[in-house]
Amino acid sequence: MAAPLAQAYIAFAAGEKAGVAARDGPSLSFPSSAGRNVAAAPRFRTAIPCRGFTSLGARGRGSSSLFVRRARQAEQDGRLRFLFRHRVDALSATNGAVDGASGAILEPSPIARGQSSSRISVGQFELKAQVVIVASGGIGGNADLVRANWPARLGKPPQRMVCGVPAHVDGRMIGIAQGAGARLINRDRMWHYVEGVHNWAPIWPSHGIRILPGPSSLWFDAKGERLPRPLYPGYDTLATLEHIMRTGYDYSWFVTNQTIVRKEFSLSGSEQNPDLTGRDWRLVARRAVGRHATAPVEAFKSHGVDFLVKQNLADLVAAMNALAQSDLLKLEAIQHEIEARDREIANPFTKDAQIMGIHNARQFLGDKFGAHRATAPHPRPRPWSADRRAPQYSHAQDAGRHRDGSRGARFRRGGRPCPRPLCGRGSGPAFGGGGMHGYRSLEGTFLGGCLFSGRTAGRAAAKAAG
């Protein structure tokens, strides 16, 4: 199924999706990737690193606005009805076909975005339909479920994690869909970022923000050993996570400086990118000038519990040990690694793979001038910075939990098609496209996979409904 699905997605991305983005989409977009595939070229039959996806300006609000106005217009025309605060507890079926949903009506809960809402029931509901589409989301807000599905190949699940999604992303609907006959696949195909830091102004429990780094910071494990090649910032998330968990510790360190932070550090989330969210080229251009990083990055430097800034390396290493409540880091070892790496910067024939990767990244305009720019290699001046990284379980951590073909068909136990399709879209079936991009897919595949699965499920539903 993977090859036809991938071909269908490529056709969609090059045609319909590109046309919609160009016609109705955000005005700021640029080729970019937050991940660089590090596997051997013969395995993938392509050039390495791969950069094939476009970052949309305005982020989540920018992409959703394309569809919100159409949905609101459909509501005004009487073709669509929103039932907010209706919690689905069960899916009903007749003669083996899912044909409805039932559950509780929850009391109004006027809270801010992402905060945990009231679960007090004030009534019941039951709905019937010709076709049912499940938009379940993932499991990233449920740490217990994440650990229960943690793959053995990634080692022991970490005790400490930060969460990239609100508490309502709890996997509950995935279990309900399974109970109605959906066949779950790829339960262990989880995607966890290794650059998570605690949000200094949290919205939901254990709220984490991911740093989207350029390639220049030095990456050390908890014991002060530099991560081996090719586990560099912005490269292979899963390989890096596997290595970190094998150290016996659930965190790692970036050692960097203000020049790198200013040019290479971005943060995940619309609220952390006011320039891109607001489609403001003038603010975007400020990333390339001045001494300071973006205001959100500077705020994390000042207030974030995981960020440390010192004027010399000795004080920095001491502060890192104090934050970790250990004496694992040795100043002499850290200094030796930094000086050895910096010596290679002046060598035009350097064989330091990280520096080679920086030079390579700067040949690509999306990396040289985009949101995750690659800084020109340079020795590290003061002040020194370090930040502690914890694994982050996030919205993009479900690599196709429901079986969903290129026609949106759903399957009963044993793989038999339903008489009428129970369709899925979004994070549940689509991260990595349920296989269209592969397990080690790059960061930019997530949104496209959600759009593709949503379109596919919608068209299949319309066809089934006649």
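Positions are given from 1 along the sequence. Both backbone and side-chain heavy atoms feed into the values below; hydrogens, waters and symmetry mates do not. The structure presented is a predicted model; accordingly, all values stated were derived computationally and were not measured.
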Can a donor-acceptor pair be found between the side chains of Ser109 and Ser117 at a distance below 3.5 Å?
no

Distance alone, cut at 3.5 Å: any donor-acceptor contact between the side chains of Lys128 and Ser92?
yes

Identify the heavy atoms of Ile211 and Val197 that sit nearest to each other, and give their distance.
CD1-CG1, 4.2 Å

Leu83 versus Phe125: any side-chain heavy-atom pair under 4.5 Å?
no

So, does Asp250 use its side chain to make a donor-acceptor pair with the main chain of Arg160 at under 3.5 Å?
yes

Interatomic spacing from CD in Glu242 to NE2 in His192 - rounded to 0.5 Å:
13.0 Å

Please check: side-chain N/O of Gln130 versus main-chain N/O of Ala465, any donor-acceptor pairing under 3.5 Å?
yes

Compare every heavy atom of Val88 with every heavy atom of Ala101, then report the nearest pair and how far apart it is.
CB-CG1, 4.1 Å

Give a yes/no verdict on a cation-pi contact between Arg72 and Phe67, requiring under 6.0 Å between NZ or CZ and the six-membered ring centre and an angle within 45° of the axis.
no

About how many Å separate CD1 of Ile133 and OG of Ser453, when rounded to the nearest 0.5 Å?
10.0 Å

Are any of the side-chain heavy atoms of Leu91 and Val134 separated by less than 4.5 Å?
yes

Between Pro233 and Gln354, the two heavy atoms sitting closest are CD-NE2, 3.9 Å

Taking it one step at a time, do Leu145 and Asp170 satisfy side chain to side chain contact (heavy atoms under 4.5 Å, CB included)?
CA-CA 8 Å; Leu145 196 55; Asp170 57 5; over 6 Å; no

Leu231 CG to Leu238 CG distance, which is reported to the nearest 0.5 Å:
11.0 Å

Looking only at side chains, do Ser102 and Asp89 share a donor and an acceptor under 3.5 Å apart?
no

Backbone N or O of His198 within a donor-acceptor pair of the Asp306 side chain at under 3.5 Å?
yes

Applying salt bridge (charged side-chain N to carboxylate O under 4.0 Å, His left out), name anything that partners Asp77, two or more places apart in sequence or on another chain.
Arg79

So, the side chain of Trp150 versus the backbone of Gly155: is there a donor-acceptor pair under 3.5 Å, distance only?
yes

Residue pair Val194 / Thr237: nearest heavy atoms and the distance that separates them:
CG1-O, 4.0 Å

Just wondering, do Leu184 and Ile174 contact through their side chains at under 4.5 Å, heavy atoms?
yes

Less than 4.5 Å apart, side chain to side chain, heavy atoms only: is that true for Val261 and Val297?
yes

For a 4.5 angstrom cut-off between non-hydrogen side-chain atoms, does Gln76 reach Gln73?
yes

Please lay out, stage by stage, how Thr294 and Arg262 fare under the test side chain to side chain donor-acceptor pair (under 3.5 Å).
CA-CA 7 Å; Thr294 63; Arg262 178 177 69 83; over 6 Å; no

Less than 4.5 Å apart, side chain to side chain, heavy atoms only: is that true for Trp219 and Glu195?
yes

Rounded to the nearest 0.5 angstrom, the CG-CG distance for Leu212 and Leu267 is 7.5 Å

Student check: side-chain heavy atoms of His207 and Pro166 closer than 4.5 Å:
no

Shortest non-hydrogen contact from Tyr251 to Ile244?
O-CG2, 4.1 Å

Interatomic distance, CG@Asn142 vs CZ@Arg172, rounded to 0.5 Å, equals 12.0 Å

If we ignore hydrogens and angles and just use 3.5 Å, is the side chain of His243 paired with the main-chain N or O of Leu241 as donor and acceptor?
no

Surrounding NZ of Lys463 (heavy atoms of other residues, nucleotides or ligands, distance under 6.0 Å), is the total greater than 12?
no

Looking only at non-hydrogen atoms, find the nearest pair between Leu80 and Ala71 and report the distance.
CD2-O, 3.5 Å

Any salt bridge linking Glu16 with Arg455? Criterion: basic side-chain nitrogen under 4.0 Å from a carboxylate oxygen.
yes

Checking the side chain of Trp200 only, and the main-chain atoms of Ser302 only, is there a donor and an acceptor separated by less than 3.5 Å?
no

Under the criterion side chain to side chain contact (heavy atoms under 4.5 Å, CB included), I'd like the reasoning laid out for Ile203 against Gln115: C-alpha separation, chi angles, the key distance, then a yes or no.
CA-CA 6 Å; Ile203 299 175; Gln115 293 181 346; 4.1 Å; yes

Separation between CZ of Arg210 and CG of Asn199, rounded to the nearest 0.5 Å
15.5 Å

State whether the number of non-hydrogen atoms from other residues, nucleotides or ligands found under 6.0 Å of Tyr249 atom OH is greater than 12.
no

Output yes when a side-chain donor or acceptor of Arg147 lies under 3.5 Å from a complementary backbone atom of Pro158, and no otherwise.
yes

Sidechain-backbone polar pair: Arg85 side chain, Glu107 backbone, donor-acceptor under 3.5 Å:
yes

Is any side-chain heavy atom of Phe254 less than 4.5 Å from a side-chain heavy atom of Phe265?
yes

Identified side-chain contact (heavy atoms from CB on, under 4.5 Å) counterpart of Trp253 within the set Leu227, Leu218, Leu308:
Leu308

Partners of Glu298 by salt bridge (charged side-chain N to carboxylate O under 4.0 Å, His left out), sequence neighbours excluded?
Lys301

Checking Leu106 against Arg87 for the side chain to side chain contact (heavy atoms under 4.5 Å, CB included) test, could you report, in this order, the C-alpha distance in whole Å, the side-chain angles of both residues, the deciding distance, and whether it holds?
CA-CA 7 Å; Leu106 306 180; Arg87 183 189 67 204; 3.9 Å; yes

Using 30° and 60° as the class limits, which term best fits the ring planes of Tyr235 and Tyr232: parallel, tilted or perpendicular?
perpendicular

